[in-house]
Each structure stands twice: as structure tokens, then as C-alpha cells.
Amino acid sequence: MSGQRVGYIRVSSLEQNVGRQLEGIQVDRTYEDRVSAKDLQRPNLQAMITYVREGDIVVVHSMDRLARNLDDLRYLVKTITQKGVAVEFIKENITFSGDDTPMANLMLSVMGAFAEFERSLSKERQREGVALAKARGAYKGRKKVLSEDKVEALKRRVNDALETKAKIARDFGISRETLYQYLRLDDSQASL
């Protein structure tokens, strides 16, 4: 019996669309994370690594979906292939099977370095675009999630101190960090 084709999909946020990553690619099972790749402690990545068995193939849209930097990419590919599992990257059209040949190591390093370089260029272009838009007055930042009325209700509940901030944030459909940003905004305006 041949192994399974196990798909791994990752996007950085809940709003991003995962549909294009393995569209039209036959897989037996899929693991999906909706978190940043800043570290390797992604719940479904870890579950996938635990699940795969010798003879399986892990299928990923592209190297940057598996890891953000070359060190993490090399670590993950090595961890997976040491189990006798191949890793196939669709966009790069390359598969690693754990044969630690010099050519396989070179290809992984070169392709991974290009993916990391491409990501850093993209982030740099984004920063430049935001800076130019701010200079033109066209960039206002992200839209506020809560209306003024809801912000006032949020502040009242926080001031009442009858429930946790985490619960209040959940009730308003925002993160705790966003809740704290609303509270800091109020503090900074009060000091003016």
C-alpha cells in the first residue's frame, strides 16, 4: 500500500482565503493553520507532523506557506523527511524525500533563500507603499471595528470590573489587543 498525500495549508489571518493553495491537487487529508509562520508552534503543523507515516507525502503550495525563513524551512523539511515522508512544494515544483545528497541540500537552501528574499522584498514594498500613501494623506490606517457607541459600552464594562477583559473582547468580537488599543486611545486623548 502506498502512503497518503497529506496537504498542509497556512494563511496568516482568518480573513485570508485558503482556496487557491491546494486547488485541484489531490490529497487524502488536509491540515490548515490560520496563524503567522513566525514560529513553528502552529497547532495543525504539529498535528500533521505527528500524523504522517513513512511513505506519505506532505503537499504544500509553496515554501513560504511552510516556513517564513530558511532555518525553519530546513528544520521542518528535515524533521518530516526523517520520518520517511516526502515533502512536495507545488509552486516550486520540487519534492524532497530525505536523501541528503549535496544537490538536494543545495536546492532546498537556494529555493528557500529565494522564498525568504521574495518575502522580505514584498514587506519592503508594502512599507514603502504605506509611507508614500501616508505622505499623500491617503493612508488612514485600518478602519475602526467598533462604533463610538460600542466603544463607550466597552469602556463602561471595563470600568465596572465585573468581568474579564478577555470575555468583554469576545463579546464585542475583537481581540484583547484591540480592546487595549481602544483603552490606550482614550488615555492618550485624556492627556492632551
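Residues take their numbers from the sequence shown, with the count starting at 1. Not measured: the values here are computed from a predicted model.
Residues passing the side-chain contact (heavy atoms from CB on, under 4.5 Å) test with Ser122, sequence neighbours excluded: Arg125. Under the rule for a side-chain contact (heavy atoms from CB on, under 4.5 Å), the partners of Ser147 that lie at least two apart in sequence or sit in another chain are Asp149, Lys150. Scanning for side-chain contact (heavy atoms from CB on, under 4.5 Å) contacts around Asn69 gives Asp71, Asp72, Glu116, with sequence neighbours left out. With sequence neighbours excluded, the residues satisfying ring-ring contact (aromatic ring centres under 6.0 Å, His included) with Tyr51 are Tyr31.
Crowding of Glu177 atom CD: a count of heavy atoms from other residues, nucleotides or ligands under 6.0 Å exceeding 12. Open room surrounds CG on Asn93; 12 or fewer heavy atoms of other groups in view lie less than 6.0 Å from it.
Looking only at side-chain heavy atoms (C-beta outward), Ile9 and Thr30 come within less than 4.5 Å of each other. Between Arg53 and Val85, the closest side-chain pair of non-hydrogen atoms is not below 4.5 Å.
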Might you work through the salt bridge (charged side-chain N to carboxylate O under 4.0 Å, His left out) test for Glu32 and Arg42, ending with a clear yes or no?
CA-CA 10 Å; Glu32 179 181 311; Arg42 292 174 254 152; over 6 Å; no

I'd like to know whether Ile174 forms a side-chain contact (heavy atoms from CB on, under 4.5 Å) with Leu154, so could you lay out the CA-CA distance, the side-chain angles of the two residues, the decisive distance to 0.1 Å, and finally the verdict.
CA-CA 11 Å; Ile174 59 175; Leu154 176 138; 3.7 Å; yes

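With Asp33 as the fixed residue, the side chain to side chain contact (heavy atoms under 4.5 Å, CB included) test singles out one of Arg65, Gln46, Arg10, Met48: Arg10. In summary, of the residues considered (Met63, Lys78, Met103), a side chain to side chain contact (heavy atoms under 4.5 Å, CB included) with Leu108 occurs for Met63 alone.
In this structure, CD in Glu152 is found 6.5 Å from CZ in Arg156, a value given to the nearest 0.5 Å. In this structure, OG1 on Thr79 lies 12.5 Å from CZ on Arg74, to the nearest 0.5 angstrom. The line from CZ of Phe89 to CE of Met111 is 9.5 Å long, rounded to the nearest 0.5 Å. Here the NZ-CG distance, from Lys155 to Asp160, works out to 14.0 Å after rounding to the nearest 0.5 Å. Put simply, CD1 on Ile168 and OH on Tyr182 are 14.5 Å apart, with the number rounded to the nearest 0.5 Å.
By the rule that hydrophobic residues join a cluster once side-chain heavy atoms approach within less than 4.5 Å of another member, Ile25 and Ile80 end up as members of separate clusters. Val27 and Val11 fall within a single hydrophobic cluster, where Ile, Leu, Val, Met, Phe, Trp and Tyr are joined by side-chain heavy atoms under 4.5 Å apart, directly or via other members. The hydrophobic clustering, which links ILVMFWY residues whose side-chain heavy atoms are closer than 4.5 Å, places Ile49 and Val59 apart. No single ILVMFWY cluster, assembled from side-chain heavy atoms under 4.5 Å apart, contains both Leu76 and Ile57. Put simply, Val87 and Leu45 are part of the same group of oily side chains (I, L, V, M, F, W, Y) that touch within less than 4.5 Å, one to the next.
Applying the salt bridge (charged side-chain N to carboxylate O under 4.0 Å, His left out) rule to pairs touching residues 81-97 yields Arg5-Glu88, Lys91-Glu118, sequence neighbours excluded. Among residues at least two apart or in separate chains, side chain to side chain donor-acceptor pair (under 3.5 Å) pairs with a member in residues 162-172 are Arg157-Glu163, Arg157-Asp171, Lys167-Asp171.
The closest donor-acceptor contact from the side chain of Ser120 to the backbone of Phe117 lies under 3.5 Å.
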